[in-house]
Protein chains: 2
Amino acid sequence: MALCENGGLMRQSSGPAVSDSPLFRGMASAVVDEVLGAATPRTLAAGQTLFLQGDPVEALFVVESGRLKLSQVTPDGEEVIVRTVGPGDIVVGVAVLDKRTLPVSGIAISECRVLAWPRPRILELAARHPILRMNVIGTIADRMHDSLSRIRELSTETVAQRVARALLRLARDAGRPVEGGTLIDQPLGRQELAELAGTSMFTASRLLARWAREGVLEVGRQRVVVLSPARLEGLAGDDESAR
Amino acid sequence: MALCENGGLMRQSSGPAVSDSPLFRGMASAVVDEVLGAATPRTLAAGQTLFLQGDPVEALFVVESGRLKLSQVTPDGEEVIVRTVGPGDIVVGVAVLDKRTLPVSGIAISECRVLAWPRPRILELAARHPILRMNVIGTIADRMHDSLSRIRELSTETVAQRVARALLRLARDAGRPVEGGTLIDQPLGRQELAELAGTSMFTASRLLARWAREGVLEVGRQRVVVLSPARLEGLAGDDESAR
DNA sequence: CGAGAAGTTGACACGAGTCAACCTCAGTGG
DNA sequence: CCACTGAGGTTGACTCGTGTCAACTTCTCG
């Protein structure tokens with residue numbers, strides 16, 4: 001994942017990383033160029049808001065570099081992170097196709113570059129290129145699947161299982177191999193991890209401390225390295241040793 | 001909802017009730033007829049399975065009468081009801097458009113009639129009638145929105161709030177006005193309510209008993225009547241009196 | 001170096017799951 | 001028509017996981 005099988009450098013320029021996005025899967029390169037040409041690039045500083053829950057949908061986004069969190073805010077200001085997205089991910093696919101208000105807010109976790117297609121433009125492209133439409137629908141199906149799994153997990157699993165799972169997801173989506181393990185390559189505070197797993201910062205902190213003691217993780221300020229994914233998976237699944 | 005504003009009889013024959021489905025919204029009546037003509041009706045006894053989580057997608061369904069539950073089963077057999085659907089509702093829209101395996105199982109709660117469009121047939125229709133496609137995408141967007149809200153609720157709300165909310169949803173989706181309140185017009189066991197709210201049967205039972213004592217509900221075997229939706233909403237929202 | 005953000009840890013309380021015993025009703029067969 | 005049976009439901013006792021709060025430490029950055 002850090003290196004590219006074609007041997008070229010990734011995440012360097014805007015080109016290659018983004019054209020690997022699911023948005024372009026199976027698409028003729030002429031069409032890729034046309035679609036890419038229609039995009040407006042945009043950069044965000046860490047912490048900056050790309051869009052807010054409840055806003056009308058203005059554009060479809062694809063992340064070029066950096067990471068964003070998609071979160072829902074409760075009436076009393078508590079934040080629940082629904083997922084995080086990184087390079088190549090399509091953002092707010094559903095809403096764009098259906099002209100609805102946005103179900104989540106999108107906020108940069110680190111500095112980001114995103115490509116934006118204003119709604120009219122992406123709709124026009126989608127009308128002419130069915131494959132583009134299918135690709136967007138495909139990611140919607142993926143997100144739906146994820147959401148339903150998440151509902152099941154929140155209903156039936158313990159906090160320890162959910163935190164373990166959140167770490168595994170992060171390692172998969174934002175992981176970078178380092179010596180002895182996989183570094184989660186995004187600033188990851190305890191509070192954020194807690195919001196991802198649906199728990200409190202204190203419980204998240206305690207779990208990380210425990211797992212670090214047990215050698216499953218290596219933790220630091222805003223930083224987690226997964227040393228033993230296998231044992232984490234054990235903790236996420238049936239919870240023998242976790243009790 | 002029991003009577004129709006056009007004064008005609010509803011839910012009598014297969015025609016009128018189903019053609020009110022979001023699937024046909026904004027559609028020319030000739031097209032409605034064409035689409036309806038392509039459907040295969042099917043009946044299910046209570047408890048019968050329409051499809052299973054993980055199966056390949058065979059058809060798009062619209063409920064004609066009765067209710068179904070869509071649920072996920074955990075590896076160890078526990079069941080989580082994701083939602084219930086009733087007359088007019090579109091089922092497994094996402095999966096059909098994207099040829100994926102089904103994310104949930106669909107099981108009849110009461111005796112049901114459903115219309116089914118085998119995948120190739122619905123895809124062919126969708127290709128010729130963009131409005132049909134948009135209508136399916138619209139319900140997908142709705143479901144996505146619901147799922148995300150549910151994630152937020154499971155992460156931040158107490159069991160009491162979630163049970164109250166589940167009852168409100170049921171009253172809205174499956175309610176029938178009776179003297180003094182709204183009867184939830186589907187067999188609703190404590191276990192099922194618990195699965196809807198993500199809690200245990202015991203806790204659900206205790207909450208119902210308490211709210212019945214307080215005059216918010218009237219409860220019986222497999223039966224709940226909402227007497228005071230307003231107070232239930234209070235319990236679902238900020239939880240002053242519930243603590 | 002100071003200030004504040006990030007993280008840790010212990011004490012405590014309480015919500016909610018678990019289990020066992022019990023009640024109550026609907027349907028069935030004698 | 002009544003007794004039986006089993007599913008559905010209730011309730012109390014108990015336990016434990018987690019959230020809450022407070023005090024404290026440690027790191028980072030200006």
Side-chain angles (χ1 to χ4, degrees), chain A residues 45-47 74 76-80 109-110 153-164 166-167 184 186-214 217-225 235 239-243, chain B residues 46-47 74 76-80 109-110 153-164 166-167 184 186-214 217-225 235 238-243:
Chain A
T74 66
D76 46 290
E78 214 173 336
E79 195 177 345
V80 176
I109 295 178
S110 55
E153 290 160 16
L154 284 166
S155 298
T156 61
E157 296 183 347
T158 65
V159 169
Q161 288 175 291
R162 278 155 25 209
V163 172
L167 289 172
I184 291 172
Q186 84 182 40
L188 180 69
R190 301 295 181 271
Q191 180 63 41
E192 248 165 25
L193 181 58
E195 282 163 6
L196 271 166
T199 181
S200 68
M201 196 200 53
F202 306 98
T203 301
S205 172
R206 275 183 243 269
L207 286 168
L208 288 194
R210 180 162 112 206
W211 293 338
R213 228 179 295 130
E214 293 171 356
L217 306 174
E218 182 191 309
V219 302
R221 206 184 170 80
Q222 302 265 56
R223 185 183 127 87
V224 177
V225 181
L235 291 164
D239 208 13
E240 311 310 313
S241 50
R243 312 215 146 150
Chain B
T74 65
D76 45 289
E78 215 174 335
E79 195 176 345
V80 176
I109 295 178
S110 54
E153 291 161 15
L154 284 166
S155 298
T156 60
E157 296 184 345
T158 65
V159 170
Q161 287 175 293
R162 276 150 35 203
V163 172
L167 289 172
I184 290 173
Q186 84 183 43
L188 181 68
R190 301 296 180 269
Q191 180 63 41
E192 246 165 27
L193 181 58
E195 283 163 6
L196 273 166
T199 181
S200 67
M201 196 199 60
F202 306 99
T203 302
S205 172
R206 274 182 243 270
L207 286 168
L208 289 193
R210 179 162 113 207
W211 293 338
R213 227 179 295 128
E214 292 170 356
L217 306 174
E218 182 191 309
V219 302
R221 205 185 173 75
Q222 301 265 58
R223 186 184 126 89
V224 176
V225 181
L235 292 164
D238 51 352
D239 212 9
E240 310 312 311
S241 51
R243 313 213 147 150

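Since this is a predicted model, take the numbers as computed values, not measurements. Residue numbers start from 1 in every chain, and the chains themselves are labelled A, B, ... in the order their sequence lines are given, proteins ahead of strands.
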Given atom CZ of B:Arg221 and atom C1' of C:dC25, what is their separation to the nearest angstrom? 5 Å

Phosphate OP1/OP2 of C:dG7 contacted by A:Arg190 side-chain N/O (<4.0 Å): yes

Give a yes/no answer on whether the side chain of A:Ser205 brings an N or O atom under 4.0 Å of OP1 or OP2 in C:dT8. yes

Grab the two heavy atoms, one from A:Arg190 and one from A:Ser205, that are nearest each other, plus how far apart they are. CD-CA, 4.1 Å

Figure out the CZ/P separation between A:Arg210 and C:dT9, and round it to whole Å. 13 Å

Heavy-atom closest pair, residues B:Glu79 and B:Glu195: O-CG, 3.1 Å

Using the side chain to side chain contact (heavy atoms under 4.5 Å, CB included) criterion, which residues pair with B:Ala164? Sequence neighbours excluded. B:Trp211, B:Leu232, B:Leu235, B:Ala236

More 5' along DNA chain D: B:Ala209 or A:Ala204, using each one's nearest nucleotide? B:Ala209

Please report the distance, rounded to the nearest Å, between CG in A:Leu207 and P in D:dG17. 12 Å

Look at the side chain of A:Arg206 against the base of C:dG10 and say whether a donor-acceptor pair falls under 3.5 Å; ignore hydrogens and angles. yes

A:Thr158 side chain: which of D:dT18, D:dG9, D:dC27 is closest? D:dT18

Passing option when A:Ser155 is tested against B:Leu196, B:Thr199, B:Val80 for side chain to side chain contact (heavy atoms under 4.5 Å, CB included): B:Val80

Write down the distance between CD (B:Glu195) and P (D:dG9), rounded to a whole number of angstrom. 12 Å

Phosphate OP1/OP2 of C:dG17: any B:Thr199 side-chain N/O under 4.0 Å: yes

Please give, in whole Å, the distance from D:dC27 P to A:Gln222 CD? 14 Å

For the side chain of A:Phe202, counting heavy atoms from C-beta on, which of C:dT8, C:dA20, D:dG19 is nearest? C:dT8

Identify the two heavy atoms, one from A:Leu188 and one from A:Leu193, that lie closest to each other, and give their separation to 0.1 Å. CD1-N, 4.2 Å

Take atom CD of B:Gln161 and atom C1' of C:dA16, then tell me their distance rounded to the nearest Å. 14 Å

Reckon B:Thr203 has a side-chain N or O less than 4.0 Å from the OP1 or OP2 of C:dG15? no

Could you state the atom-to-atom distance from CG of B:Leu208 to P of C:dA16 in whole Å? 15 Å

How many whole angstroms separate atom CE of A:Met201 from atom C1' of D:dA22? 12 Å

